[in-house]
Amino acid sequence: MTFHPRPEAGEAKPWAFPAPERSTLGNGLTLLRCHRPGQQVVAVEVNLAAPLDAEPEGLDGVATIMARALSEGTDKHSAEEFAAELERCGATLDAHADHPGLRVSLEVPASRLPKALGLLAEALRAPAFDDGEVARLVRNRLDEIPHEQANPQRRAAKELSKELFPATLRMSRPRQGTEETVARIDSAAVRAFYEAHVRPSTATAVVVGDLTGIDLDAVLADTLGAWTGGSAAPLPVPPVTADDTARVIIVDRPGAVQTQLLIGRIGPDRHDIVWAPQVLGTYCLGGTLTSRLDKVLREEKGYTYGVRAFGQVLRSTADGKGASMLAISGSVDTPNTGPALADLWQVLRTLAAEGLTDAERDVAVQNLVGVAPLKFETAASVAGTLADQVEQELPDDYQARLYARLAETGTAEATSAVVNAFPVDRLVTVLVGDAAQIEEPVLALGIGEVTVVAN
C-alpha cells in the first residue's frame with residue numbers, strides 16, 4: 001500500500017505590524033488607512049481632541065455624557081431611527097472618554113461601509129443632544145456610580161488615583177465624574193463642550209479592513225470629508241505629578257471575605273526608552289500564570305486566584321508630560337491579607353537582589369512577540385492600536401519597532417527596568433477589605449503608614 005507523504009510545516013512567513021497610509025482630507029481631518037485583505041469587517045476609530053482636562057470646573061463627566069450622546073440621535077434621525085439605521089448596516093457604534101481624549105469606534109461589514117460612514121459622519125457633524133436624551137443619560141450615569149462604589153476593583157482604583165495625584169489634577173478624580181458633578185450636567189453643558197472641542201481639524205480617523213473594490217476617497221468625501229468646523233489651538237497639557245511616598249490606605253468594608261489589593265505608582269510613558277524593557281520585566285513579574293507573583297501567591301501559597309502586574313498609559317505626549325500607571329492588582333482571602341502582602345514584598349526584594357533569569361526573559365519574549373500575529377488578526381485590534389499611537393503622539397511605525405525592541409532586550413536590562421518600576425519603598429498600597437481584621441497584620445509589615453478610610 002502506498003501512503004501519501006506526511007505533511008510538513010511550511011517556512012514561517014515574516015510578520016510585521018501593518019503600516020498605515022497617512023493623509024489629510026480637505027476639511028483638515030487626519031486619515032490613516034490600512035488595507036487588510038480578508039478582513040471583511042472594517043473597523044473605524046475616530047480620535048477627538050477632547051481630553052478630560054478640558055472639562056469645565058465642576059462638570060466632571062460631561063465628556064462621558066457627550067460621548068454617549070453622540071449615538072443618541074441627530075438632527076436628521078431620532079435615537080430610535082439612528083439605532084435602526086445602524087442595525088440595518090450590521091454596524092456597531094461606541095464612544096468613550098478618557099484622559100487623552102474622546103474615541104468613537106465603528107465596526108461594519110465592508111459592503112456596508114459607505115452607509116455606516118455616513119451615519120458616523122452624521123453623529124459627529126450634527127448630534128441632537130436632545131434635552132430628554134441627555135437627562136436620561138445623566139440618570140443612567142448616576143445609577144451606575146453606586147454600583148461602581150460597591151465593586152472592590154473600581155473602588156480601589158478610585159482611591160489610588162485620589163492618593164497618588166494632587167487634587168488639582170484631573171487624574172485624581174473619577175474619569176466619568178462623581179454624583180455631585182454629573183448631576184449638574186444638562187444638554188446646554190454637553191452642547192458647549194462639543195462646540196468647544198469637536199472639529200475635524202483636530203481629529204484623526206483610522207480605517208482598517210479589506211478595502212477591495214471600495215473607492216475610499218470618494219466615500220470619505222461624501223461622509224467624514226463633509227464634516228466642517230473651525231480650527232483651534234492645541235490644548236495646554238498640564239504635567240503629571242504624583243506622590244508615591246510608601247503608605248497603605250485601607251478602605252473599610254466590615255465583613256468582607258476578601259481583600260482587594262491595588263499597589264501602584266506612576267512611571268514613564270511610551271516615549272521613554274525604558275518602556276520596552278519595562279514591559280518585558282513587568283510581564284515576568286506578573287503578566288501570566290507562570291509569572292513570579294502567581295508562582296508564589298497562587299501556586300505555592302493558594303492565597304489568590306491570580307495577581308497581575310501591569311503598566312497602563314494614562315497620557316502620553318512627545319514633550320515628556322505624559323505618564324503611566326504601574327500597578328499590581330489582585331484579591332486574597334481576608335485572613336491571609338498580611339501574609340500575602342509579606343510574600344509579595346519578598347518577591348519584589350528577591351527580584352531586586354537576584355534579577356530575572358534568561359529562561360524567564362525568553363518565555364516573556366515568546367509570549368509578547370510570538371503571539372503578535374494572532375493578537376492583530378482582526379481589523380478592530382489593528383485600528384485600536386493605530387488610534388492609541390495617534391492619541392499618544394507616537395510615530396505610525398511605533399508598534400513594529402516596539403516588537404523589535406522587545407526581541408533584542410536582554411535579561412539584565414529587563415531586570416533593571418522592572419526593579420526601578422516597583423521599588424519596595426516607593427509604592428502606594430490600597431486595600432479594600434475588613435479593616436478590623438487586616439489593619440494590625442498590615443501595620444506589622446512596616447511597608448508604610450496605614451490609614452483607614454470609610455467606604
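The residues of the chain are indexed from 1 along the displayed sequence.
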Spacing of [X] atom [atom1] and [Y] atom [atom2] [to the nearest 0.5 Å]:
X: Thr24; Y: Leu29; atom1: OG1; atom2: CG; answer: 8.0 Å
X: Cys284; Y: Leu293; atom1: SG; atom2: CG; answer: 11.0 Å
X: Ile250; Y: Ile438; atom1: CD1; atom2: CD1; answer: 4.5 Å
X: Glu144; Y: Gln149; atom1: CD; atom2: CD; answer: 13.5 Å
X: Tyr305; Y: Arg298; atom1: OH; atom2: CZ; answer: 9.5 Å
X: Ser316; Y: Asp272; atom1: OG; atom2: CG; answer: 10.0 Å

Check each of Leu137, Val134, Val190 against Met66 using the side-chain contact (heavy atoms from CB on, under 4.5 Å) test, and report the only one that passes.
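Of the listed residues Leu137, Val134, Val190, the side-chain contact (heavy atoms from CB on, under 4.5 Å) partner of Met66 is Val190.
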Passing candidate, side-chain contact (heavy atoms from CB on, under 4.5 Å) with Leu120, options Thr223, Val108, Val46:
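Filter result, single survivor: Val46.
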Can a donor-acceptor pair be found, under 3.5 Å and without considering hydrogens, that links the side chain of [X] to the backbone of [Y]?
X: Asp210; Y: Gly38; answer: yes
X: Arg191; Y: Ala128; answer: yes
X: Gln389; Y: Gln399; answer: yes
X: Asn47; Y: Ala387; answer: yes
X: Thr304; Y: Leu297; answer: no
X: Thr74; Y: His77; answer: yes
X: Gln260; Y: Gly330; answer: yes
X: Ser161; Y: Lys158; answer: no
X: Thr334; Y: Gln258; answer: yes
X: Gln39; Y: Glu377; answer: yes

Do [X] and [Y] come within less than 4.5 Å of each other through their side chains, counting heavy atoms only?
X: Leu52; Y: Arg175; value: yes
X: Ile447; Y: Val248; value: yes
X: Leu102; Y: Val198; value: no
X: Arg36; Y: Pro18; value: yes
X: Leu160; Y: Val428; value: yes
X: Val62; Y: Pro56; value: yes
X: Arg33; Y: Leu31; value: yes
X: Leu261; Y: Leu431; value: yes

For a quick test of reading the model, state the closest non-hydrogen atom pair linking [X] to [Y] and the distance between them.
X: Gly90; Y: Pro109; value: O-CD, 3.4 Å
X: Val251; Y: Ala454; value: CG1-O, 4.1 Å
X: Ala54; Y: Leu235; value: CB-CD1, 4.1 Å
X: Ala327; Y: Leu262; value: CB-CD1, 4.1 Å
X: Gly311; Y: Leu326; value: CA-CD2, 4.0 Å
X: Ala340; Y: Val332; value: CB-CG1, 3.8 Å

With sequence neighbours excluded, what pairs up with [X] under the ring-ring contact (aromatic ring centres under 6.0 Å, His included) test?
X: Tyr283; result: none
X: Phe165; result: none
X: Phe193; result: His197

Taking only residues two or more places apart in sequence or in another chain, which ones pass salt bridge (Lys or Arg N to Asp or Glu O under 4.0 Å) with Arg170?
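Here the qualifying residues are Glu55, Asp60.
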Do the side-chain N and O atoms of Ser187 and Asp131 include a donor-acceptor pair separated by under 3.5 angstrom?
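Note: Ser187 and Asp131 side chains meet the donor-acceptor criterion.
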Residues Thr245, Arg426; criterion side-chain contact (heavy atoms from CB on, under 4.5 Å); working and verdict
CA-CA 5 Å; Thr245 303; Arg426 302 297 298 181; 4.1 Å; yes
Take atom CD in Glu299; do more than 12 heavy atoms of anything else shown fall under 6.0 Å from it?
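Yes.
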For Glu81, I'd like to know if atom CD has over 12 heavy atoms of other residues, nucleotides or ligands within 6.0 Å.
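Yes, the 6.0 Å shell around CD holds more than 12 heavy atoms from other groups.
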Residue pairs involving [range] (criterion salt bridge (Lys or Arg N to Asp or Glu O under 4.0 Å); sequence neighbours excluded):
range: residues 231-243; answer: Asp243-Arg247
range: residues 379-392; answer: Arg103-Asp388, Arg103-Glu391
range: residues 108-127; answer: Glu85-Lys115
range: residues 306-316; answer: Asp53-Arg315, Asp294-Arg308

Sequence-distant partners of Glu393, side-chain hydrogen bond (donor to acceptor under 3.5 Å, both in side chains), two or more places apart:
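With neighbours one apart ignored, the set is empty.
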With sequence neighbours left out, what residues match Asp396 under side-chain hydrogen bond (donor to acceptor under 3.5 Å, both in side chains)?
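side-chain hydrogen bond (donor to acceptor under 3.5 Å, both in side chains) list for Asp396, sorted by chain: Arg22.
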For the pair Arg253 and Glu159, find out whether any cationic side-chain nitrogen is under 4.0 Å from an anionic carboxylate oxygen.
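So Arg253 does not pair with Glu159 through a salt bridge.
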Distance-only check: which donor-acceptor pairs under 3.5 Å involve side-chain atoms of residues 274-282, not counting sequence neighbours?
| residue | atom | partner | partner atom | Å |
| --- | --- | --- | --- | --- |
| Thr282 | OG1 | Gln278 | O | 2.7 |

Give the C-alpha distance, both sets of side-chain angles, the deciding distance and a yes or no for side-chain contact (heavy atoms from CB on, under 4.5 Å) between Leu164 and Met325.
CA-CA 10 Å; Leu164 271 179; Met325 176 74 77; 3.7 Å; yes
How about Tyr194 and Phe129: are their ring centroids closer than 6.0 Å?
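Yes, ring centres under 6.0 Å apart.
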Run the side-chain contact (heavy atoms from CB on, under 4.5 Å) check on Leu93 and Leu70 step by step: do they pass?
CA-CA 9 Å; Leu93 182 66; Leu70 283 175; over 6 Å; no
Worked check of side-chain contact (heavy atoms from CB on, under 4.5 Å) between Trp345 and Leu445:
CA-CA 9 Å; Trp345 251 254; Leu445 297 176; over 6 Å; no
Could you pull out every donor-acceptor pair under 3.5 Å between side chains of residues 224-234 and any protein atom, sequence neighbours left out?
none

